[in-house]
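A short write-up of the structure that comes next.
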Amino acid sequence: AQSVTQLDSQVPVFEEAPVELRCNYSSSVSVYLFWYVQYPNQGLQLLLKYLSGSTLVESINGFEAEFNKSQTSFHLRKPSVHISDTAEYFCAVSNPEGSNYKLTFGKGTLLTVNP
Amino acid sequence: ETGVTQTPRHLVMGMTNKKSLKCEQHLGHNAMYWYKQSAKKPLELMFVYNFKEQTENNSVPSRFSPECPNSSHLFLHLHTLQPEDSALYLCASSRRADTEAFFGQGTRLTVV
């Protein structure tokens, strides 16, 4: 069985500060990894994904995440956050070798960016 | 806009009512899902449909009844709900069962 742990339920930061949202996963097989963002009263939007290849993946709005197989982590980082980055962030893992759907989400991290 | 449309966006219903949530995608995806998102709880996968066949039912009470008439449409029929069923219900779809899911904006359901 696979699982996802997001270590911080809330992360408050000041505008223009760097931020790291932590995600660790547990899986006995190879994985695909995802970060989703949810703004208030909205559905989840895919932020970035790791399927294969380069372990560092980037989004169009300055976020990046690095797949670390030895540490089973996929932490999300941004060097300088904006007020508009305030949202809830979900890490998710899926099993590409399974025939059934196995996209498992973490509990989410609420990022609050203060002026 | 993700290409997944849910209606209605908000719904208030009594415990004896019957209502349906609708989800539509025209992305050519083969898998569709219902999730429940409650305050202070993680996302809960409710149902999975792959090529119109239900492949997963995560012990969801029978007062929730899904229907997938074709690969573009997914419904969630609701009857005799409880106040604790109040939540944001999210529909999602994906090209394959292991690829990223695209979510609709959700239906905010309040059971009174």
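By convention in this document, chain letters (A, B, ...) are assigned in the order of the sequence lines, proteins followed by strands, and residues within each chain are numbered from 1. Since this is a predicted model, take the numbers as computed values, not measurements.
Every side-chain hydrogen bond (donor to acceptor under 3.5 Å, both in side chains) that A:Arg77 has, sequence neighbours left out, goes to A:Glu20, A:Glu66. For B:Thr107, there are no side-chain hydrogen bond (donor to acceptor under 3.5 Å, both in side chains) partners, not counting sequence neighbours.
Close approach to chain A, defined as a heavy atom under 4.5 Å from one of its heavy atoms, is seen in no residue of residues 72-86 of chain B.
The main-chain N or O of A:Cys23 is found under 3.5 Å from a side-chain atom of A:His75 such that the two form a donor-acceptor pair.
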Tabulate below the donor-acceptor pairs under 3.5 Å that side-chain atoms of residues 33-40 of chain A make, not counting sequence neighbours, or state none.
{"from": "A:Trp35", "atom 1": "NE1", "to": "A:Phe74", "atom 2": "O", "distance (Å)": "2.8"}
{"from": "A:Tyr36", "atom 1": "OH", "to": "B:Ala101", "atom 2": "N", "distance (Å)": "2.8"}
{"from": "A:Tyr36", "atom 1": "OH", "to": "B:Ala101", "atom 2": "O", "distance (Å)": "2.9"}
{"from": "A:Gln38", "atom 1": "OE1", "to": "B:Gln37", "atom 2": "NE2", "distance (Å)": "2.8"}
{"from": "A:Gln38", "atom 1": "NE2", "to": "A:Gln42", "atom 2": "O", "distance (Å)": "2.8"}
{"from": "A:Gln38", "atom 1": "NE2", "to": "B:Gln37", "atom 2": "OE1", "distance (Å)": "2.8"}

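Between A:Phe105 and B:Phe103, the ring-plane angle classifies as perpendicular under the 30° and 60° cut-offs.
Annotation: side chain of A:Leu110 is not in contact with side chain of A:Val11 (no heavy-atom distance under 4.5 Å).
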